[in-house]
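Okay, structure first, notes after.
Chain letters run A, B, ... following the sequence lines, proteins first, then strands; residues in each count from 1.
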Protein chains: 2
Amino acid sequence: MKLENITIKDIARALDLSVSTVSRALKDSYKISGETRLLVQRYASEHQYRPNVMAQSLKSQRSRSIGVVLCNVPNVFFSEVLSGIESVAYNSDYLVIITQSQESYQREVKNVQNLAWRSVDGLLVSLSTESENLDHFTRLHEQGLPIVFFDRVTDLLQTHVVVADNRGGAYDATVELVRSGYRRIAHVTSSPHVSITLERRQGYFDALQEAGLAVDEACIKYCMHGGMVAEEIEQAVTELMALPSPPDALLCASDRLTMGCYALLRRRGYRIPEQVGIAGFSNFNAAELFCPGLTTVRQPAFEMGKAASELLIGLIESKRPPREYEQRVFATELVARGSTARVR
Amino acid sequence: MKLENITIKDIARALDLSVSTVSRALKDSYKISGETRLLVQRYASEHQYRPNVMAQSLKSQRSRSIGVVLCNVPNVFFSEVLSGIESVAYNSDYLVIITQSQESYQREVKNVQNLAWRSVDGLLVSLSTESENLDHFTRLHEQGLPIVFFDRVTDLLQTHVVVADNRGGAYDATVELVRSGYRRIAHVTSSPHVSITLERRQGYFDALQEAGLAVDEACIKYCMHGGMVAEEIEQAVTELMALPSPPDALLCASDRLTMGCYALLRRRGYRIPEQVGIAGFSNFNAAELFCPGLTTVRQPAFEMGKAASELLIGLIESKRPPREYEQRVFATELVARGSTARVR
DNA sequence: ACATTTAATGCTAACGTTTGCACAAAAAAA
DNA sequence: TTTTTTTGTGCAAACGTTAGCATTAAATGT
């Protein structure tokens with residue numbers, strides 16, 4: 001019932017040769033007479049011989065596939081990253097296996113172990129918000145499995161890393177808010193476990209400080225599931241707006257949070273940008289169609305996916321570990337729109 | 001350098017047993033004394049034995065992985081489908097391999113062949129706009145490779161199919177436009193090669209006819225790349241609006257087209273919904289934040305992904321082909337918003 | 001003419017499992 | 001006690017490749 005393919009043995013039998021000769025003739029290595037080589041290769045292509053990859057994998061201990069571990073595909077940022085990953089893999093003839101952690105530590109662990117066990121040649125990882133302990137990676141990494149982190153990274157492992165300039169992006173957005181006349185800028189962000197949260201917060205801090213504005217911890221709300229659960233966002237916004245002196249602007253740290261906050265503000269009838277300004281990280285490119293247009297910090301997601309993929313494949317295909325691990329940082333792009341246009 | 005795992009042989013040697021006994025003890029089959037079974041199983045779990053999947057695959061000719069072929073991951077609809085696929089696969093312990101055709105026939109063929117050759121157990125496919133010839137599927141299908149089509153399907157192959165009620169969705173949206181007072185409704189759609197185009201067009205036709213409105217072929221624009229190239233959309237809209245009697249409303253047939261047309265109309269200064277109404281298929285759930293809110297036909301993408309995945313896994317795991325192939329049709333949901341609200 | 005090199009091919013063992021069959025020892029039946 | 005059955009285990013082949021070493025025949029050197 002399964003697809004019966006012709007094997008190297010069949011060829012050997014048909015041509016009255018040994019399997020080793022056939023094998024060698026096909027990868028034109030070693031000393032094989034041009035005659036037999038041609039004979040074998042013609043027979044092979046005529047009969048549509050395709051080497052059995054499972055056998056090859058078993059022999060070589062390589063599968064020409066890479067595993068991707070990320071939170072959630074429908075997140076615009078991740079879907080673009082994934083697209084970038086796939087496009088590089090396609091050209092390099094690697095298969096891309098996708099898993100979602102759904103921001104769950106448990107699920108991340110299971111996925112990573114499953115992928116490793118199913119013998120991917122390398123791993124492309126963006127950590128879940130829940131992940132603090134990274135043993136599931138360190139063990140594999142020590143055993144020599146190539147891993148590249150992107151977006152939500154860690155310095156507990158010595159390896160390549162692909163990130164956006166998170167500090168810079170948050171800084172730029174905050175500066176824009178300040179420039180527009182906002183003075184009490186709140187920050188709605190994700191779990192402080194993940195790298196991007198800290199970096200973005202730093203950019204927010206830096207900009208406030210430069211502007212001589214106070215940093216108020218009460219104005220920072222951490223959504224532990226990165227906005228995967230709608231209630232988090234609702235609670236964060238509610239609490240912020242109930243403060244004795246409520247914020248006049250929101251800086252949101254992720255796709256989901258930005259959209260969530262924006263929608264909520266509008267639903268609750270806040271006037272944007274007069275009453276509350278809002279800016280945030282988002283890769284949704286129709287933000288200009290919103291009412292008012294949403295000021296966003298855009299990350300070159302597709303390019304980041306490509307870079308991560310390239311670095312990983314480099315790691316996989318080089319015999320020796322590199323002398324130095326790269327940290328590739330991509331510039332973000334601030335697109336200022338109506339949602340922060342309080343003043344001309 | 002690669003992760004050295006303990007093998008069944010190691011266990012056999014350590015316990016002074018034969019490999020076959022160990023193998024059998026581990027899958028507690030056959031007649032093995034409780035004693036040895038326990039011994040083996042304890043040793044195995046203590047030493048973290050994990051069967052080598054490549055060897056198992058080679059033996060069983062199964063890989064516990066499924067291949068997905070779709071156009072483009074960042075498309076909201078597809079990313080949600082993919083998420084549904086992954087979630088079912090995760091629970092059933094299948095790996096999901098993702099490939100993008102980017103609406104290219106060539107690429108689709110290469111991906112399909114590559115996946116089959118790399119021995120996935122089954123295929124989940126949404127056809128590219130360019131695909132007319134489906135030989136690359138029929139051959140594999142005849143050889144017994146389970147395939148399930150979703151979204152852009154075909155009846156050239158006898159297999160399970162998962163679709164939205166495309167005719168109904170387009171019908172509902174058109175009826176809504178008519179109800180709002182639009183009388184010359186154009187249709188911007190994708191390549192007529194793909195099933196969804198025909199079905200959606202049919203719904204559009206039916207609604208027009210029921211309303212006693214004329215069907216004008218000049219009012220139907222086919223974007224052969226489904227809107228992947230921005231120029232197609234631009235050209236379609238330009239041509240429509242340049243007609244002797246230009247349309248007063250647009251019905252768009254896909255995520256990308258809907259967004260593209262909406263953005264273009266706004267950029268060109270058309271007043272929506274007074275001058276031109278617009279409605280279309282789209283899974284973008286922030287359409288309510290647009291200005292005006294965008295009337296959309298929503299497909300239960302995640303559920304469709306789940307269904308497709310379940311059907312495929314069913315196919316893979318049943319010994320015999322099913323007596324009958326299913327065509328699972330999911331209802332769409334029309335969300336009427338400002339972009340079609342010409343009259344109260 | 002014989003020794004030595006070179007070229008082309010074959011044999012065999014591996015990679016880690018699974019499984020039909022054979023075998024031995026113990027238990028049951030005669 | 002002998003025969004038969006049962007129970008547990010081992011052997012070996014298979015899945016489709018690859019690669020080190022051995023082998024043969026031909027070609028070159030002396």
What's the closest nucleotide to the [X] side chain, out of [options]?
X        : options                   : answer
Pro51(A) : dT17(C), dT17(D), dT9(C)  : dT17(D)
Thr7(A)  : dT17(D), dG10(C), dT17(C) : dT17(D)
Val19(A) : dT12(C), dC11(C), dG16(C) : dT12(C)

OP1, OP2 of [N] versus side-chain N and O of [X]: anything below 4.0 Å?
X        : N       : result
Gln61(B) : dC15(D) : no
Ser23(B) : dT18(C) : yes
Gln56(A) : dT18(D) : yes
Ser18(A) : dG10(C) : yes

Report task. Could you list all the side-chain hydrogen bond (donor to acceptor under 3.5 Å, both in side chains) pairs where at least one residue sits in residues 64-75 of chain A, not counting sequence neighbours? Result ->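 Only Ser63(A)-Ser65(A), Asn72(A)-Gln102(A), Asn72(A)-Arg256(A) qualify under side-chain hydrogen bond (donor to acceptor under 3.5 Å, both in side chains).
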When all nucleic acid strands are considered with a 4.0 Å heavy-atom cut-off, which category describes [X]: base, sugar-phosphate, or nothing?
X        : value
Ser20(B) : base
Ser57(B) : nothing
Thr36(A) : sugar-phosphate

**Report entry** Neighbour count above 12 (heavy atom, 6.0 Å) for Gln106(B) CD
**Finding:**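 For Gln106(B), atom CD is not crowded (no more than 12 foreign heavy atoms under 6.0 Å).
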Query raised in the report: Around atom CD of Glu317(B), are there more than 12 heavy atoms of other residues, nucleotides or ligands at under 6.0 Å?
Result: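 More than 12 heavy atoms, drawn from other residues, nucleotides or ligands, come within 6.0 Å of this atom.
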If I take atom [atom1] in residue [X] and atom [atom2] in nucleotide [N], what distance separates them, rounded to the nearest angstrom?
X         : N       : atom1 : atom2 : value
Ile8(B)   : dT9(D)  : CD1   : C1'   : 15 Å
Asp16(A)  : dG10(C) : CG    : P     : 8 Å
Arg118(B) : dG16(D) : CZ    : C1'   : 16 Å
Leu39(A)  : dT9(C)  : CG    : P     : 10 Å
Arg37(B)  : dT7(D)  : CZ    : C1'   : 12 Å
Arg62(A)  : dT17(D) : CZ    : C1'   : 16 Å
Lys9(A)   : dT12(C) : NZ    : C1'   : 13 Å
Glu35(A)  : dA7(C)  : CD    : P     : 16 Å

Query - Aromatic plane relationship, Phe149(A) with Phe137(A) - under 30° parallel, 30 to 60° tilted, over 60° perpendicular - result: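 The arrangement is perpendicular - the two ring planes meet at more than 60°.
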Query raised in the report: Would you call the rings of Tyr325(B) and His160(B) parallel, tilted or perpendicular, where under 30° means parallel and over 60° means perpendicular?
Result: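 Tyr325(B) vs His160(B) ring planes: perpendicular.
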Query raised in the report: Which pairs, with at least one residue in residues 96-117 of chain A and sequence neighbours excluded, count as a salt bridge (Lys or Arg N to Asp or Glu O under 4.0 Å)?
Result: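 The answer is Glu103(A)-Arg152(A).
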Report task. Could you tell me, to 10°, how much the axis swings from one end of the helix from dA1(C)-dT30(D) to dA27(C)-dT4(D) to the other, five pairs per end? Result ->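 Here the local axes at opposite ends form an angle of 70°.
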Requested in this report: Return the 5'-most residue of the pair Ala55(B), Thr21(B) with respect to DNA chain C, ranking by each residue's nearest nucleotide.
Outcome: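 In this pair, the answer is Ala55(B).
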Query raised in the report: Given that Leu17(B) and Leu58(B) both sit by DNA chain D, which one's nearest nucleotide is further toward the 5' end?
Result: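 Result of the comparison: Leu17(B).
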**Report entry** salt bridge (Lys or Arg N to Asp or Glu O under 4.0 Å) assessment of Arg42(B) paired with Glu46(B)
**Finding:** CA-CA 6 Å; Arg42(B) 231 198 23 234; Glu46(B) 272 170 7; 3.7 Å; yes
Requested in this report: Please name the residue in the list Asp151(A), Leu70(A), Leu82(A) that meets the side chain to side chain contact (heavy atoms under 4.5 Å, CB included) test with Phe77(A).
Outcome: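 Exactly one pass, corresponding to Asp151(A).
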Query - Base of dA14(D) paired with side chain of Lys59(B) (donor-acceptor, under 3.5 Å) - result: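 It does, because a donor-acceptor pair links the side chain of Lys59(B) to the base of dA14(D) below 3.5 Å.
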Query raised in the report: Under 3.5 Å, is there an N or O donor on one side and an acceptor on the other linking the side chain of Arg24(B) and the base of dG20(C)?
Result: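 Indeed, a donor on one side and an acceptor on the other fall under 3.5 Å apart.
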